[in-house]
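Worksheet for the structure shown next.
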There are 2 protein chains.
Amino acid sequence: MASESESSSRILGVAEELAQRRGFNGFSYGDIAERLSITKASLHYHFPSKADLGQALIARYRQSFDAALHAIVRESPDARRRLRRYADLYCNVLVDDRMCLCGMFAAEYSTLPETMQTDLKAFFDANERWLSRVLDAGRRDGTLAFHGTPKERAHLLLGTLEGAMLVARAYDGVKRFRTVARRALADIAAP
Amino acid sequence: MASESESSSRILGVAEELAQRRGFNGFSYGDIAERLSITKASLHYHFPSKADLGQALIARYRQSFDAALHAIVRESPDARRRLRRYADLYCNVLVDDRMCLCGMFAAEYSTLPETMQTDLKAFFDANERWLSRVLDAGRRDGTLAFHGTPKERAHLLLGTLEGAMLVARAYDGVKRFRTVARRALADIAAP
DNA sequence: GTCTATAGGTGGATAGAC
DNA sequence: GTCTATCCACCTATAGAC
């Protein structure tokens, strides 16, 4: 893993914002260059092809997501609290008028380079493994109650949050998202 | 409402497929022209700008969706059965390796022309009105059971189905979608 | 309605100087 | 690492002949 130069991480920050707001096919090297007041050629020095840039975006996003998940486990012992904080991660993205990076890339899936497709699935897999464990533990200790396997529930919950986010963005609807997310979590809380 | 020429509807058919698979920013007049063995200039005769094409796509999609919803109401009196058939609409899109047209456009929302944004919201509004009514009726006659308002539930259900679709497509996962959709519907079936 | 031809712009990407 | 300059492919869109 290359230790990131400051230039690279500034580039990734701008690219991430654009990708989350407009999609991978919705921004160009020109857009990034303009915002950073550098040239497109300089960008190609750091990320030779757009596929490289996209892969770096997913890697970075995943790292920060993983860190957030670890923090949740460390700081919140209760399963319901963990899920609420998980949903808050999505919410914080939405208030900044962004879509989840990987949800956005999922929409564009068939147009992405293979490397990005592979890393994208790995991101979702990691999310679902984490959710599965939290759901399983919560049901065992009696704080959660739901039908089906934890894995199935994890699929459902991930889909619900991504989908609620997707639709809410068209309505500038952070409030809408919050209501839906709370409802979804309340449904699996033990009575 | 212009009665559609045969050329126009053939163009829309191809454009719809491309839009559902690759997104509005993921296909071009050139792609359509190639598949229909005509020139790009001919396409511009029928749809002067890409915004016009996009608007026509949403209008057409909404018409066929509305027709399907009416058919469901006509043929299925039971609320649970109606919801199952509603989910089947999504499933039939997915098996063709497509995403819901409007779910795809929702991802690209901020890059779309204003006219398309407006029509997109109207599509979701209509869907949620229909779902609300079905959910409300089902709870009244005792076939469904859920917390919160029918409108809230409609938001949740729509988000869940769109999101499950979004993620499932990355896994070539019709089966995955079906499982998630069944689970979501089972959650609101009366015991 | 469909064509040829073309305009005017932007996309990702590279060569080579500094 | 960043620049200028440039390549070539592709994009949406238009003019005008048939």
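Protein chains get the first letters and strands the later ones, always in sequence-line order, with residue 1 at the start of each. Heavy-atom basis, side chains included; hydrogens, waters and symmetry copies ignored.
The interatomic distance linking A:Lys40 (NZ) with D:dC7 (P) rounds to 14 Å, in whole Å. Atom NE2 in B:His44 sits about 6 Å away from atom P in D:dA13, given to the nearest Å.
Note that B:Arg169 lies outside the cation-pi zone of A:Tyr109, set by a 6.0 Å cut-off to the ring centre and a 45° limit from the axis.
Atom CG of B:Asp172 sits in a sparse spot, with 12 or fewer heavy atoms from other residues, nucleotides or ligands closer than 6.0 Å. Residue A:Asp96 qualifies as enclosed at atom CG: its count of foreign heavy atoms under 6.0 Å is above 12. Heavy-atom contacts from other residues, nucleotides or ligands closer than 6.0 Å to CD of A:Glu114 number 12 or fewer.
A distance-only check finds a donor-acceptor pair linking the side chain of B:Lys50 to the backbone of B:Phe24 [under 3.5 Å]. A donor-acceptor pair is defined here as one N or O able to donate and one able to accept, closer than 3.5 Å; no such pair exists between the side chain of B:Thr111 and the backbone of A:Gly26.
Taking every nucleotide of DNA chain C with any atom under 4.0 Å from a non-hydrogen atom of chain B, the first and last of them, 5' to 3', are C:dG1 to C:dT4.
Between A:Asp31 and A:Arg35 there is no salt bridge, since no side-chain N of the basic residue sits under 4.0 Å from a carboxylate O of the acidic one.
Shown for residues 9-37 of chain A: residues whose heavy atoms fall under 4.0 angstrom of DNA chain C, namely A:Phe27, A:Ser28, A:Tyr29.
Of the two residues contacting DNA chain D, namely A:Tyr45 and B:Phe47, the nearest-nucleotide position lying further toward the 5' end is that of A:Tyr45.
Between A:Arg178 and A:Cys91, the closest side-chain pair of non-hydrogen atoms falls below 4.5 Å.
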